[in-house]
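Ligands are counted one by one from 1 in listed order, and the atoms in each one are counted from 1 as well. The figures here come from the full heavy-atom set of this structure, side chains too, leaving out hydrogens, waters and symmetry mates. Here, residue 1 is the first one in the sequence, and each next residue gets the next number.
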Amino acid sequence: MTDSSKTNPKLEFDAESMRRMGYSVVDMIVEHLSALPAKPASSFASREELEAKLREPPPADGSPFEAVLEQVRDDVLANAMWANHPRHFAWVPGPSNFVGAMGDAIASAYNISPTSWLEASGPSQVELVVVDWLRAWCGLPEGAGGIFVSGGSMANLTAIATARRVKLADDARGAVVYCSEQVHSSVVRNLRVLGFTPGQIHEVAVGEDLRISLSALREALRVDRENGLRPFCVIATAGTTNAGAVDPLPALSELCRAEDLWFHVDGAYGAAAVLTESGKRLLRGMERADSLAVDPHKWLFQPFEIGCCLVRDGRWLAETFSERPEYLQDTWVGRDAEQEINFGEHGVQLTRGFRALKLWMTVKVFGERSLRAAVQRGIDNAEAMEAYLLELGCFEIITPAQLGVLTFRYRAPGYDLDESNALTRAIYDANRRRGFSMLTTTIIRDMQVLRICAINPRVEDAQLRRSLEILAEIGEALCAQPGDPRLERSS
Ligand SMILES: Cc1ncc(COP(=O)(O)O)c(C=O)c1O
């Protein structure tokens with residue numbers, strides 16, 4: 001046991017103790033990951049239970065590492081959904097991978113901040129290289145650049161701040177941003193945080209296919225210009241969170257060019273599909289973006305947190321974010337500004353984690369070919385699930401499998417919309433409590449629907465099928481209940 005009973009003002013252990021602690025952590029992780037498919041896909045405890053387990057004042061004296069680790073495993077980590085569980089189909093899963101997790105462990109232990117070249121030349125070079133891999137995959141030209149941030153939300157925020165700087169010299173009075181009604185909520189929040197008022201955020205209608213209506217967008221631009229407003233940016237989504245829909249990127253890029261508008265693409269989860277042939281076709285036009293959000297902690301299998309903001313001209317980031325206080329002058333004075341990238345001047349964060357490492361190590365260890373196959377597997381999973389649902393015969397597909405996402409609902413003849421919506425929610429709830437798979441609901445065209453995002457490459461076909469059979473069994477049992485079908489479905 002590691003002895004922490006005495007005061008340890010250096011907060012350190014000898015090499016042998018560190019080794020033992022490290023090995024026990026690795027053992028715990030490997031045990032967890034190996035057993036994952038056999039575990040429930042969702043686990044959760046009430047606030048009351050967790051208060052009882054975890055509430056305490058900061059302990060004055062230390063405890064053995066092993067005892068703390070046990071509590072972490074049993075009281076903390078056991079009460080959570082694991083986004084890398086093979087049957088976690090909820091929201092956008094984080095399938096992650098072990099190499100990426102080890103990369104994070106190294107980045108954390110070495111505690112390097114790629115803020116400036118002076119501090120972190122090697123890590124900064126790795127970030128340059130990995131950003132450039134993403135740039136090339138997404139088809140942006142050489143000379144484009146980017147930065148790793150915490151996730152898709154921050155990637156979108158970084159992009160919009162850059163757009164405002166480059167296009168409007170930061171004067172956003174009367175400026176309007178256009179996106180579809182299906183835009184991710186992070187975009188709306190970011191615009192608000194950046195000071196845009198509701199009147200400056202134009203959410204344009206979508207068609208039946210849930211893609212932005214070009215005619216409605218053109219009309220909105222015309223009317224806003226007539227009213228003296230200043231349209232300045234269109235935000236397209238390449239893979240909507242609800243349905244995996246891709247806005248008409250080629251047409252939008254043309255429109256943006258013709259109307260002198262910034263073209264941002266939120267490809268937070270969908271852009272990774274560019275690694276596959278069908279994804280590349282679907283995402284055509286993404287390469288014309290002025291800025292692009294990509295989220296490696298989603299479909300590029302990285303542990304949370306890593307998102308990437310790519311911009312068409314690598315110089316735009318420094319133009320937008322650089323601040324040079326005197327206490328940091330050694331990071332640029334007398335240094336080669338052309339050659340030495342200071343990522344701390346390229347985004348909102350100064351001190352920042354070495355996020356690029358996990359993605360770099362993942363690509364190096366598995367290779368691009370395996371990564372492509374893993375992304376393809378997510379597309380195939382959703383298509384296979386759509387086919388199983390049709391085979392089962394008791395489900396209606398609401399939006400077909402696209403970019404790994406699928407929405408559907410249980411067919412309940414004679415149910416009106418309210419009843420059918422209640423049934424969907426009841427099926428979701430019963431399935432969550434059953435725990436074999438975890439999926440979520442959303443609303444498509446006023447309908448409550450079940451939604452699956454199947455991008456984990458480690459799920460077996462038999463598990464996909466069983467997950468859907470269970471939904472069918474739940475649906476059947478709920479519909480067979482006597483009495484009002486809208487009441488107490490989840491009991
Ligand atoms: C299309 C899209 N944009 C942005 C985000 C936000 O990403 P994050 O949760 O990493 O901040 C998501 C998350 O699912 C998303 O699907």
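- Under 3.5 Å, the side chains of R409 and S420 contain a donor-acceptor pair of N or O atoms.
- Which parts of ligand 1 touch G239 is read off a 4.0 Å heavy-atom cut-off, strictly below it: atoms 1 (C).
- Protein heavy atom at the shortest distance from atom 15 (C) of ligand 1 is H184 CD2, 3.3 Å.
- In this structure, N156 has a heavy atom closer than 4.0 Å to ligand 1.
- Residues N381 and R377 have side chains that bring a donor and an acceptor to within less than 3.5 angstrom of each other.
- Ligand 1 places these atoms under 4.0 Å from at least one heavy atom of T241: 1 (C), 2 (C), 15 (C), 16 (O).
- Salt bridge status for R225 with E259: present, with a side-chain N to carboxylate O gap under 4.0 Å.
- Across every non-hydrogen atom of T407 and N242, the tightest pair is CG2-O, 3.5 Å.
- Under a 4.0 Å criterion applied to the non-hydrogen atoms of V92, ligand 1 contributes the atoms 14 (O).
- A side-chain donor from one of E119 and S116 sits under 3.5 Å from a side-chain acceptor of the other.
- Considering backbone and side-chain N/O of T237, none are found under 3.5 Å from N/O of ligand 1.
- Without hydrogens or angle criteria, T424 side chain to Q448 main chain gives a donor-acceptor distance under 3.5 Å.
- Of the listed residues (R189, K298, E305), the one carrying the non-hydrogen atom nearest atom 8 (P) of ligand 1 is K298.
- Counting heavy atoms closer than 4.0 Å to ligand 1, residue S186 contributes side-chain atoms (C-beta onward) but none from N, CA, C or O.
- In D295, the part holding a heavy atom less than 4.0 Å from any atom of ligand 1 is the side chain.
- Ligand 1 lies out of reach of G307, whose nearest heavy atom is not under 4.0 Å from it.
- The aromatic rings of H85 and W82 lie parallel to each other, their planes meeting at an angle below 30°, with 60° marking the opposite boundary.
- Salt bridge absent: R230 and D224 never bring a charged side-chain N and a carboxylate O closer than 4.0 Å.
- Here's the thing with S153: one of its N/O atoms is less than 3.5 angstrom from an N/O atom of ligand 1.
- Residues D247 and R211 are not paired through a salt bridge, judged by the lack of any N-O separation under 4.0 Å between the basic side chain and the carboxylate.
- Taking 4.0 Å as the cut-off, M154 does not count as a neighbour of ligand 1 on heavy-atom distance.
- Distances below 4.0 Å separate heavy atoms of G151 from the following atoms of ligand 1: 10 (O).
- For atom 3 (N) of ligand 1, the closest heavy atom belonging to the protein is D266 OD2, 2.7 Å.
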